[in-house]
Student: 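First the structure, then my questions, so here it is.
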Amino acid sequence: MSAPRLVATDLDGTLLDPRGRVTPFTRGVLERVWAAGIETLFVTARPPRWIDALADAVGGHGYAICANGAFLYDVNARRVVRSDLMGVEDVRALVADLRAAIPHIGFALEHARGMHREDAYGAVDLALAGAGATHGPLDGDDVTAFGGIGKLLARLHTDDPGADLRPSAETPEGLAFLDRVRDVVGDRAVVNYSGACGLAEIGPSGVSKASALAAWCERRGIDASQVWAFGDMPNDVPMLTWAGRSFAVAGAPPEVRDAATDTCGSNDADGVARALLPLLEDFGT
């Protein structure tokens, strides 16, 4: 297959090592990729503020697709430049319906200015929540204060969620909760799973890593066949399916491996970087 014009990669569990860092080896390979004239793009479930620490690793263009496609983030300027958001009324309805259907559920919002959470969502790392994070009720008119919302986070914060949400041999811990959330949400929004047990990430209908990546590529005249994509979780499946060549990292769930054209090593073995090495040899770099 011909060399790509763009390498699109997930971060956590894929490009980043288990400590959440870009290793020196991977950084060196990425620099060689840029030197060969190939763009790189981070495509992640992370909110924009979680990208700032990786600014020196994003490459020449300095952009990242965040929150499963909801935000396009200018890493250098540290600002959201494009959004596909959930409407306020849609979020209000989803919160009400999920709260009625699932006892002990708690919510948080990711919007362009940061995070807001309610008590029932549980504690968060304040460093990750960001300096602009807010805390308070999330019902009815409280939602309207945040305008468009990129991601609604729902967490089951209890030790006794009820028999219908207990894990089983067929439905591991946390995934029964996701199935119930999907049943309630229906086609009103997209329910993503990016590896955090008991956490549902709810985004705008029709928006995914793939849709945002396709829009990015269309504006630059890049065809899907010219893209290599890397991922490790179910929220990566649309992107892996869309790209001309795609890699599931070692240890990815079966549905992720089935969606990809290839596999590569794990994130604790610089799997993405090592998959790119043959490409660089073809360029003689």
Student: Would you say Leu72 and Tyr63 make side-chain contact, with heavy atoms under 4.5 Å?
Tutor: yes
Student: Any side-chain to backbone donor/acceptor pair from Ser211 onto Ser208? Under 3.5 Å, distance only.
Tutor: yes
Student: So do Val191 and Glu201 actually touch side chain to side chain, heavy atoms under 4.5 Å?
Tutor: no
Student: For Asp262, enumerate each residue passing the salt bridge (Lys or Arg N to Asp or Glu O under 4.0 Å) test, keeping only those at least two apart in sequence or located in another chain.
Tutor: Arg245
Student: Are the side chains of Leu153 and Ile202 in touch, meaning some heavy atoms are under 4.5 Å apart?
Tutor: no
Student: Which heavy atom in Asp236 sits nearest to a heavy atom in Gly231, and how many Å separate them?
Tutor: OD2-CA, 3.4 Å
Student: Would you mind reporting whether Asp10 and Phe230 have side-chain heavy atoms less than 4.5 Å apart?
Tutor: no
Student: Can you check whether Leu213 reaches Trp242 side chain to side chain, under 4.5 Å on heavy atoms?
Tutor: yes
Student: Does a side chain donor of either Ser266 or Asp268 reach within less than 3.5 Å of an acceptor in the other side chain?
Tutor: yes
Student: Please confirm whether Arg32 makes a cation-pi placement over Trp34, using NZ or CZ under 6.0 Å from the six-membered ring centre and within 45° of the ring normal.
Tutor: no
Student: Do Thr134 and Met115 pass the side-chain contact (heavy atoms from CB on, under 4.5 Å) test, and can you show the C-alpha distance, the side-chain angles, and the key distance before you say yes or no?
Tutor: CA-CA 6 Å; Thr134 55; Met115 181 186 196; over 6 Å; no
Student: Given 3.5 Å as the limit, does a donor-acceptor pair link the side chain of Arg46 with the main chain of Trp50, or not?
Tutor: yes
Student: Verify the distance criterion only: is there a donor paired with an acceptor across the side chains of Asp17 and Thr23 at less than 3.5 Å?
Tutor: no
Student: Closest approach of Ala70 and Val207, non-hydrogen atoms and distance?
Tutor: N-CG1, 4.0 Å
Student: Can you confirm whether Arg220 is buried at CZ, in the sense that more than 12 heavy atoms of other residues, nucleotides or ligands lie under 6.0 Å from that atom?
Tutor: yes
Student: Please assess Arg188 against Asp90 for the test salt bridge (Lys or Arg N to Asp or Glu O under 4.0 Å), listing each intermediate value before the final yes or no.
Tutor: CA-CA 8 Å; Arg188 294 180 290 173; Asp90 295 332; over 6 Å; no
Student: For the residue pair Phe247 and Trp228, categorise the inter-ring angle as parallel (less than 30°), tilted (30 to 60°) or perpendicular (more than 60°).
Tutor: tilted
Student: Side-chain contact, heavy-atom cut-off 4.5 Å: Ile51 with Arg78?
Tutor: no
Student: Answer yes or no: is there a side-chain heavy-atom contact under 4.5 Å between Phe177 and Ile105?
Tutor: yes
Student: For a 4.5 angstrom cut-off between non-hydrogen side-chain atoms, does Ile222 reach Glu39?
Tutor: yes
Student: Using a 3.5 Å distance criterion without hydrogens, assess whether the side chain of Asp223 forms a donor-acceptor pair with backbone atoms of Gln226.
Tutor: no
Student: Between Ile149 and Glu110, which heavy-atom pair has the shortest distance, and what is it?
Tutor: CG2-O, 3.6 Å
Student: Does Leu41 form a side-chain contact (heavy atoms from CB on, under 4.5 Å) with Val7? I'd like the steps, not just the answer.
Tutor: CA-CA 6 Å; Leu41 184 66; Val7 172; over 6 Å; no
Student: Among Thr9, Val22, Asn267, Val272, exactly one meets side-chain contact (heavy atoms from CB on, under 4.5 Å) together with Leu16. Which residue is that?
Tutor: Val22
Student: State whether a side-chain donor-acceptor pair under 3.5 Å links Asp270 with Thr26.
Tutor: yes
Student: Mark yes when over 12 heavy atoms from residues, nucleotides or ligands other than Arg182 sit less than 6.0 Å from its CZ; otherwise mark no.
Tutor: yes
